[in-house]
Every structure is written in C-alpha cells, then in structure tokens.
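Heads up, the thing below is written out as structure tokens.
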Amino acid sequence: MDSSYSLVLLLLFLWGLCARRMERFELTAPAAFVLLGLLLGEGTGVLDLGLPHETVKVLAEITLVWVLFTDAARLSFRALRPELGLYGRLLGIGLPLCVGLGTLLAAALLPGVSGWAALYIGAALAPTDAALGATMMVNPVVPAKIRRLINVESGLNDGIVTPLVVLALAGVSAAEHTAPPDATGHALVQLAIGAAYGAVVGLAAGWLLRTALGSGWATEDFAGAGVLALALLGYTSALALGGNGFVAAFVAGLAFGSAHGAPQRVLLYVEQSASLLSVLVWLVFGALLLPETFDHLTWQAVVYAVLSLTVIRMVPVALCLIGSGLDLKTVLFVGWFGPRGLASIIFGLLAVEELEPSETRALVPVVALTVLLSVLAHGLTSLPLANRYGKAAAARGIGPAGAEADELPVRGMAAGGLGHGRGRRWGGATPL
C-alpha cells in the first residue's frame, strides 16, 4: 500500500513537470489520470488503491465542498450582468429540463430504475464540467462571450442540482428500506437548514475578512488558508446543526463572494487544493469505479450514456435558448460542450457509500460510463470543433474579443498546471 501511495505522489509530480507539453497533445489532467488509474490499477495491478470506504467518502466530500464553495465565491454579479439573461435561461430553464428529461428516459430505458433512482441519475448527470473541454475554454478563436457562458454554467449547475441528488439518494434509501420512511422529508429539512446557515456563515465571514484585511489585522499571505478552513467549517458545522453540508458550502460561497467583494485574491489557495483533490478523484475513478462499471454494464446503460451526452443535454439547451439571439451554430456548440465530469463522479461515489451494493449496480455504472464517454468525446473534439466554430464566428463578424469578466475556474488541473486562475492558462495563454 505504501508503494501505491508513493506511485500516486510520483504521478502528480511528473504531471507537474510535463503538463505544458501534454497540452500540445490535447491531453487534459482528467483524461490522463483516468487512463493512468485504469491502466495501473485494473490493467497491470501496479497501483493498488484498496482504500477503505470511509477514506473514499471523505475524499469525495472534501473535494465537492471546496469545488462548490470556490465556484460560488467567484461569481461576480456585476461581471455577469451583460449576459445575465443567457445564464438565467441555461440555469433556470435548461438545467431543470435536462434533469426532467434525463429522469424520464432513465425510468423508461434502464431496467430496475424508476422513481427516486431515475431522479438521481437525471440530477447526477445534469451538471457539466468545463475542465473536459479545457482546450476550447482557453482557445482565443472562440468568442469570449460563449466561453464565459459555458464556464459560468459549469461553475454553478453542480451546486444547483446538489439538493436534488441528496433528496434522490434519501428517496432511494427509503424505498429500499435502508433508511427511515420519513427520510425524504428529513432531507428537505436538512437542505433548508443548510441553505440558511450557509448564508449566515458566508456573509459574516466575508465581512470579517474584508474588514480584517482593510484594517491591517490580517494578511493575504495567510488569508487563503483561512478561507480553505472556512469552506470546510461551513460543511462540518452545518452537519452538526442538522443541515446539509454541501448546500451550506455552496450558499456560503455565494454569500462570501458577495460580502468580501474581491474573492479572487483569497481563493487561489483553495482552488489549488481543490484541483489537487480533484485529480485524485479522477485517479480513483479510473482505478476503482470503472472496473466495477465494466462488470455490471448493460446495453441500456450504453444507450442512455450516449443519449445523456446528446439528446438529454442538447435538446433542453436548444429549447431554452429560443429567442435568445444566438444563431443555430452557437446553440449547437453550447449544447455539445456540456461535458460530464467531476461533480457526476463525486455523486457516483456518494451513492456507493450511502446505498446498498444491490442498489448501486443499476445506478453507478450509468453515471460512470457517461463520464468516461464524455472524457473521450469532449477531449477529442474540443480543439477541432473550437477552431471550426471560431472560424465560422469570425466569418459572421463575431470576433473573439469581448468584455472581460471574472471567470469561474476551469477546475481539475485541466489546462496543465497544479492550479487554475482567472481566465488564463497556467504557464501563460491568452486570457478569456
């Protein structure tokens, strides 16, 4: 086991050495570490990640907490105001339609899946991950407005669907008699407590940190570590009060960013920490989750995974953007670049930890296979489709330049380095 841990650390260091070179081969960190996990784990047996269930659960939970907090804290309502209508369409109309269509097709297509289980699949596969299309996200030929649109959607939809995933898991447990009959009602109460508590914590912490920095009591050199602890504090203390920690972390991030006013200066350390853990999640996904997926794979799961990346994603996007002023090529481009990634994997790991093995066999393989196909499909098409769309946009007089905005991070060491920043590629690239 010690040798396996040493191998993981070596892989992280080696990726840090050659990440910039890997960009030339369009190889993102998620794709690389999924492949490494699968080859070194199931393929050769060199990597033995016989992690206790509790360790996997803690890894998934901490990663999700930091991702939810930082994505929400980076939200700048002032910067988003010019395209607020488009964001509202995608998140307020397109996302619910995606969850609803995914739920209906899961219940109709997948054997042994109905009700709460179908809702879990629809919600777990609704959030997108811009990291899997990182080469598109930093490609200057794509108009900045479109990249911002995809990036903001990716940064917020995981937090929005988290309550649905939590509620669905509670419903599945109750239906299978692995939880009390009132589990769903209890989950709703937890969500409400988490949201209210997260708002209070985020507003208070944001005001306190801004005041402390302004008065000279605090220094930005240590503020990042403080915010890192704050995100976890919001989660753990919400649990202690009987609330949902994930919702508390997301709402706390929204409130903190609003109260602090300049979160980009204190979030870098949190983002880098979240990036490191996200890469470990991708490695665990390749080494542990994919082999189980292949063992319980069905043709219905394959069909659903393909539909999830195409019809279930693209039809709601097309419907919600009717009348938005975007042309058909742009609507198709935005619809296609809805990769399934980190959030869906973590939701899958949470299902493994919270449900009985008999319950997860019908759910988790669908989620894992969809993510795997997304890693391959969006990784391969990111550069060529971005260049093709960028040329078409330029021909119509839509240049790549656009009003600069505070960008949500493209997470997961996607574009090379051990971190990510505001609208830039680590190691230097054209800003969004």
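Residues take their numbers from the sequence shown, with the count starting at 1.
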How many angstroms lie between atom [atom1] of [X] and atom [atom2] of [Y], to the nearest 0.5 angstrom?
| X | Y | atom1 | atom2 | answer |
| --- | --- | --- | --- | --- |
| T162 | L68 | OG1 | CG | 5.0 Å |
| L363 | I121 | CG | CD1 | 5.0 Å |
| I146 | M136 | CD1 | CE | 10.0 Å |
| L267 | F256 | CG | CZ | 6.0 Å |
| L326 | F333 | CG | CZ | 12.5 Å |
| Q190 | I193 | CD | CD1 | 7.5 Å |

Less than 4.5 Å apart, side chain to side chain, heavy atoms only: is that true for [X] and [Y]?
| X | Y | value |
| --- | --- | --- |
| L105 | L110 | no |
| L232 | W66 | yes |
| L97 | L101 | no |
| N151 | M137 | yes |
| N157 | L91 | yes |
| F347 | Y120 | yes |
| L369 | L373 | yes |
| V352 | L289 | yes |

(request) Would you mind telling me which of R148, R147, R313, R89 makes a salt bridge (Lys or Arg N to Asp or Glu O under 4.0 Å) with E153? (result) R313
Distance-only, no hydrogens or angles: does the [X] side chain make a donor-acceptor pair with backbone N or O of [Y] under 3.5 Å?
| X | Y | value |
| --- | --- | --- |
| S114 | A107 | no |
| S374 | T370 | no |
| T381 | A377 | yes |

(request) For a side chain to side chain contact (heavy atoms under 4.5 Å, CB included) with F246, tell me which candidate from L350, V251, V165 qualifies. (result) L350
(request) For a side chain to side chain contact (heavy atoms under 4.5 Å, CB included) with L167, tell me which candidate from L188, N244, V172 qualifies. (result) L188
(message) If I compare all heavy atoms of H296 with all of E292, which pair ends up nearest, and what's the gap?
(response)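 Reported closest heavy-atom pair: ND1-O, 3.1 Å.
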(request) Taking all non-hydrogen atoms of both residues into account, name the closest pair between P143 and A393 and its distance. (result) CG-CB, 4.0 Å
(request) Verify side-chain contact (heavy atoms from CB on, under 4.5 Å) between L280 and L12, making sure each step is shown before the conclusion. (result) CA-CA 9 Å; L280 295 179; L12 290 171; 4.1 Å; yes
(message) Run the side-chain contact (heavy atoms from CB on, under 4.5 Å) test on Y389 and L385 for me, step by step, so that the C-alpha distance in whole Å, both residues' side-chain angles and the decisive distance to 0.1 Å come before the verdict.
(response) CA-CA 6 Å; Y389 171 72; L385 288 185; 6.0 Å; no
(request) Please confirm whether F69 and F250 have ring centers closer than 6.0 angstrom. (result)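 So the answer is no for these two rings.
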(request) With side-chain contact (heavy atoms from CB on, under 4.5 Å) as the test, would you mind laying out the steps for Y304 and I312 before giving the verdict? (result) CA-CA 9 Å; Y304 186 89; I312 296 175; 3.8 Å; yes
(request) Report the C-alpha separation of W282 and L342 in whole Å, then their side-chain angles, then the decisive distance to 0.1 Å, and conclude whether the side-chain contact (heavy atoms from CB on, under 4.5 Å) test is met. (result) CA-CA 8 Å; W282 284 107; L342 184 64; 4.2 Å; yes
